[in-house]
Amino acid sequence: MRYDLVIFDNDGVLVDSEPISNRLLAACLTELGHRTSYEDSIRDYMGSAMHRIHELVLERTGQRLPDDFDDVFHARVFAAFEEELKPVAGAAGVLEQLAADGVPYCVASSGSHERIRVGHRTTGLDGWFDESRIFSSQDVGRGKPAPDLFLYAAERMGVAPGRCAVVEDSPLGVQAAVAAGMDVYGFTAMTPADRLQQATQLFSDMAQLVDLLE
């Protein structure tokens with residue numbers, strides 16, 4: 001394989017969580033008087049760390065979200081995950097193939113460590129990721145689109161940025177990978193291809209990924 005490390009985004013790439021979390025985010029913001037549709041949430045917040053959601057709402061409205069917003073939102077998300085969350089089709093097969101080929105991989109997500117663990121446990125992907133393979137925006141000062149998280153993951157995994165491939169489905173994640181000097185494969189199953197044009201290559205079926213990486 002051309003790469004020494006494959007870095008996966010989590011939401012929308014490994015676990016099919018974006019429809020759930022964006023539906024609930026839109027509802028939470030609307031309840032607080034910040035009218036937001038599901039489509040608005042996908043466009044404006046998909047791939048964001050929580051701090052960016054707070055910053056955008058404050059910038060646009062001049063109002064701060066409540067101190068307990070993150071806790072309330074995550075409680076709703078985790079409850080919905082238990083009922084609805086599924087792995088992205090083909091994701092387990094990709095992980096199995098990388099492991100069989102001895103290719104190092106990890107996950108680097110805007111979500112919290114708790115969110116990552118809940119998602120993996122619910123979908124049965126937890127067996128593929130021990131703690132040494134899990135990186136969150138909580139670990140760095142700035143989330144995506146800053147390159148910090150991907151650079152941190154590469155450093156911890158002992159691989160130079162130029163030898164890494166990132167798998168992303170959000171414009172913010174693609175921007176972060178490009179800024180980190182990494183090749184990035186844009187997953188278009190949910191995101192329109194024209195929003196991921198900075199990616200090294202686009203693909204729509206997770207089963208295609210291993211062949212693209214070779």
Using 30° and 60° as the class boundaries, would you call the ring planes of Phe73 and Phe69 parallel, tilted or perpendicular? parallel

Should Gln138 and His113 be marked as a side-chain contact (heavy atoms from CB on, under 4.5 Å) after you check the CA-CA gap, both sets of side-chain angles, and the distance that decides it? CA-CA 7 Å; Gln138 290 179 310; His113 278 277; 3.3 Å; yes

For residues [X] and [Y], report the shortest heavy-atom separation together with the two atoms involved.
X      : Y      : value
Leu32  : Pro66  : CD1-CD, 3.7 Å
Val57  : His34  : CG1-NE2, 3.8 Å
Leu151 : Pro161 : CD2-CG, 3.8 Å
Ser17  : Gly12  : OG-N, 3.9 Å

Got a salt bridge between [X] and [Y], using NZ or NE/NH1/NH2 to carboxylate O under 4.0 Å?
X      : Y      : result
Asp126 : Arg121 : no
Asp40  : Arg35  : no
Asp71  : Arg76  : no

Does [X] [atom1] have over 12 foreign heavy atoms under 6.0 Å away?
X      : atom1 : answer
Arg64  : CZ    : no
Asp194 : CG    : yes
Arg156 : CZ    : no

Residue of the set Val15, Leu25, Leu85 for which side chain to side chain contact (heavy atoms under 4.5 Å, CB included) holds with Ile20: Leu85

Do Val166 and Tyr185 come close enough that some side-chain heavy atom pair is under 4.5 Å?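 They are not in contact (no side-chain heavy atoms under 4.5 Å apart), so the answer is no.
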
With clusters built from Ile, Leu, Val, Met, Phe, Trp and Tyr whose side-chain heavy atoms come within less than 4.5 Å, directly or transitively, what are the remaining members of the cluster of Val72, listed by chain and number?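 Cluster partners of Val72: none, it stands alone.
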
Can you confirm whether or not the ring centre of Phe135 sits under 6.0 Å from the ring centre of Phe150? no

Contacts under 3.5 angstrom, residues 88-103 side chains, donor-acceptor by atom type, not counting sequence neighbours:
unit_1, atom_1, unit_2, atom_2, d
Gln97, NE2, Asp101, OD1, 3.1
Gln97, NE2, Asp101, OD2, 3.1

Go through the steps for Val184 and Gln198 under the test side-chain contact (heavy atoms from CB on, under 4.5 Å), then give the verdict. CA-CA 8 Å; Val184 54; Gln198 285 185 283; over 6 Å; no

Side-chain H-bond candidate by donor/acceptor type, Arg23 with Ser41, under 3.5 Å: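 Arg23 vs Ser41: no donor-acceptor pair found between side chains.
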
When you check the side-chain N and O atoms of Tyr3 and Asp183, is any donor under 3.5 Å from an acceptor?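 On atom types as modelled, these side chains qualify, holding a pair under 3.5 Å.
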
